[in-house]
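By convention in this document, chain letters (A, B, ...) are assigned in the order of the sequence lines, proteins followed by strands, and residues within each chain are numbered from 1.
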Amino acid sequence: MSRHHKENPYLAHRMPQHGAEDEPLFGFLPRKVTGAQVRKALQHDINPFTKIPHTPRYKEMLEARRKLPVYAQMDSSTRWCVVVLSFNKNQIIVIVGEPGVGKTTQIPQFVAYTDLPHVKGKLVACTQPRRVAAMSVAKRVADEMDVQLGRHVGYSIRFEDMTEPGTTFLTYMTDGMLLREAMNDPDLNHYSTIILDEVHERTVATDILMGILKSLAKKRSDLKIIIMSATLDALKFQNYFGIQKGSLAPLFKVPGRTYPVEVFYTREPEPDYVESAIRTVLMIHRAEDSGDIKLEADDFANQDSDSIGPIVCIPLYSSLPPEQQQRIFDPPPKPQRPNGPPGRKVVVSTNIAETSLTIDGIVYVVDPGFLKQSVYNPRIRIESLLVSPISKASAQQRAGRAGRTRPGKCFRLYTERDFMSELEEQTHPEILQSNLAITVSALLKLGVRDLVKFDYVDAPAPETLMRALELLNYLAALDDDGNLTALGSVMAEFPLDPQLSKTLISSPEFQCSNEILTITAMLSGEANVIANSHSVGFLLDFSVPNVWLRPNNQRKEADAAKALLTVPDGDHLTLFNVYNSYMQNKYDRNWALNNFLSARALAQAENVREQLQRNMERSELELVSITDEKKMCTAIRKVLCCGYFMQVAHKEGNMGNYLTVKDNQVVALHPSCGLDTQPEWVIFHEFVLTTRPYIRTATDVRAEWLLELAPVYFDIATFTDGETKRALKRVVNKQAGRSGRVERGTRRPKRRISEEAVALESMMLSFNLYS
DNA sequence: GAGCACTGC
């Protein structure tokens, strides 16, 4: 895609209607612009990008911007234009500053003024770890620049591209989105400057982007890179991005402007942070002056207070629909009677509000000291969302949120001793504790050859890399030398887990890609993973949106509605049936609600399906259907085996017990499962551990299909002795008898581990990781 | 006989 430029400030003096000096960008040379010039252009009456006179609102907002600490870096007479100057001089710079100093909104604007990306037909991109942040910041910046959102300033997140090719020169985007773009254009040629924001959050996408940008900087000397962090661990990034070993990338610290926050600790550790949080909030409400409260936890129950003044609790998390998210900006409730005690607003938030979102008026912060994060255990190959302690850096961020408007207070629901001695200094990088299957295929797709030697900011554990390589190898996405196969390359194009990707890509061969596309969309909605630190086990869910509603007072009706939509051969087929019925009823919300289905989950599936369909068209994968319903169902069940042959369970005895293949975990079908019998073999989408281990979203499959479609994984020689192995053997012998052959023992399994994996394996042995 | 909303593509 080529982005041609429309407005060239070099040519400004040729325009007849203004004198040259009237042009706001007169004399601006890209990357040679000074802070003083930028300041002057900002105060000009004409918008340099739209050539329209500025609105009064622009001037008002400019006044407010001038008060931001980051503005002073450009505006002060003693250190004027340090940021701009350094940007001009260096290829990579690091900027740190607390939330609220204006990094995210102002720096990209300064960069746009000195880099002048529109002159070159390029863009300045600023990444954010979260969609909400990308959207809301883009809106704010478009307002500040007096342009329409989606034109000169835009944003780009999944399902929503608010940019206009050829016009947009500043765009905010999620880090995952930029990573996707890098897969198709490894040199990121659209961009003149890339700003990675909130790098302290250490999301997997940001970490990988840091790695590829570091090497891309050598290749593309014209590319400028800015690393922005809200915490003071800048040295790590300065070191990482130093031009030579031992040298540091230049750093800019933007001093904060927040008010002092008094921090209180509990005297004793609190056994129940939810109960303790509620108590603290009510205490604040009774005893403290007016001012809203932000509570970071994951559960909060409103409790009747005595007649102190109304209190309103507002939840905040990312998957909340935007209009509900807006509620956090509502004013606190009015007193119940004239001159009565003032009302108070309590925002109960996940760590989305830690840095990404700023709510004015918050004076009190209650910090239970936990966050939910997904943690991958490579030994049992399970990723689960766990409640774990936050880092000191996070605790400081949280406290800082109380001092935005005036001096505030932060109540930490843990002891000072725990803070000092138990909390890690910095947030643990996500890449060190996640399932790397998607990451590994992304890196390979990005052209990284050697996954071990890749220049990670923090290198993941060899065992985790090994697990990822193994999974991708089984799925035939990697060959035995660790290279991406043609299949693997297509798989990486899809925003899906490798198992789902493989299933979808295999579907045209079975003439049912339309159907599998629907099922895939239904399976890949919002993440929905829960773990509880109090229970012995944990609950795991491979991201199934729950389409089934079951209101407490209408359970019977809900169950009856579900029974009508259930297909007895398997839950995957039921999901297909649900979506089809929804489609036949013209995507009607009310139909969904009348049938106790979540309209949001269905709308989400609709979105995902459209996106995946575009992906399939781009990859030239045929969209086909089988008309015969029975054949279609069989084909669907077979295709599922292509991607999920590692998630199979075999029935043991008649007590409803199943044993997962190879891992030998005793599991049961989840009570929500719609299978009318207990089939001998089932394929399942998720494993959940609540009151007992369950498998959920299960479908009846046949051993013959598994042997045929996943011969390597189902090589009998690789099974330990037991009922599963005997059952497989019976099927093999029956097949051999039918074809007149006699199976003589079993073949040795082909070695499926690449050289790289062997290297990893020996490394792991030397680290004693197998012990 | 079942829940319980980290984030992203």
Atom CZ of Arg202(A) to atom P of dG8(B): distance rounded to whole Å?
-> 19 Å
Return the value, rounded to whole Å, for the distance between atom CG of Asp559(A) and atom P of dG1(B).
-> 14 Å
Tell me: CG of Asp571(A) to P of dA2(B), nearest whole Å?
-> 16 Å
Between Ser672(A) and dG1(B), does any side-chain N or O lie under 4.0 Å from OP1 or OP2?
-> no
Using a cut-off of strictly less than 4.0 Å, decide whether Arg180(A) has a side-chain nitrogen or oxygen near OP1 or OP2 of dG8(B).
-> no
How is Tyr694(A) classified with respect to the nucleic acid when contacts are heavy atoms under 4.0 Å: base, sugar-phosphate, or nothing?
-> sugar-phosphate
Quick one: Arg158(A) CZ to dT7(B) C1', roughly how many Å, whole number?
-> 13 Å
Can you say whether the rings of His572(A) and His685(A) are parallel (under 30°), tilted (30 to 60°) or perpendicular (over 60°)?
-> perpendicular
Interatomic distance where CD belongs to Gln611(A) and P belongs to dG8(B) [whole Å] | 14 Å
Rounded distance in Å - CZ (Arg130(A)) to P (dC9(B)) = 12 Å
So does His670(A) get a side-chain nitrogen or oxygen closer than 4.0 Å to the phosphate oxygens (OP1/OP2) of dG3(B)?
-> yes
Contact class for Arg131(A) (heavy atom, under 4.0 Å): base, sugar-phosphate, or nothing?
-> sugar-phosphate
Looking across every strand, which nucleic acid part, if any, lies under 4.0 Å from Thr203(A) by heavy atom: base, sugar-phosphate, or nothing?
-> nothing
Quickly work out the Ile431(A) CD1 to dC6(B) C1' distance and round it to whole Å.
-> 17 Å
Start with the C-alpha distance between Tyr414(A) and Ile390(A), add both sets of side-chain angles, then the distance that settles side chain to side chain contact (heavy atoms under 4.5 Å, CB included), and finish with yes or no.
-> CA-CA 11 Å; Tyr414(A) 39 94; Ile390(A) 59 170; 4.2 Å; yes
Would you call the rings of Tyr273(A) and Phe370(A) parallel, tilted or perpendicular if under 30° counts as parallel and over 60° as perpendicular?
-> tilted
Atom-pair distance (CD on Glu686(A); P on dG3(B)), nearest Å = 10 Å
Verify salt bridge (charged side-chain N to carboxylate O under 4.0 Å, His left out) between Glu430(A) and Arg202(A), making sure each step is shown before the conclusion.
-> CA-CA 6 Å; Glu430(A) 217 176 69; Arg202(A) 304 300 305 275; over 6 Å; no
Derivation and outcome, side chain to side chain contact (heavy atoms under 4.5 Å, CB included), residues Thr171(A) and His190(A) = CA-CA 11 Å; Thr171(A) 182; His190(A) 290 162; over 6 Å; no
Please tell me which of the listed nucleotides, dC9(B), dT7(B), dG8(B), lies nearest to the side chain of Ile438(A)?
-> dG8(B)
Touch check for Ile157(A), heavy atoms < 4.0 angstrom, all strands: base, sugar-phosphate only, or nothing?
-> sugar-phosphate
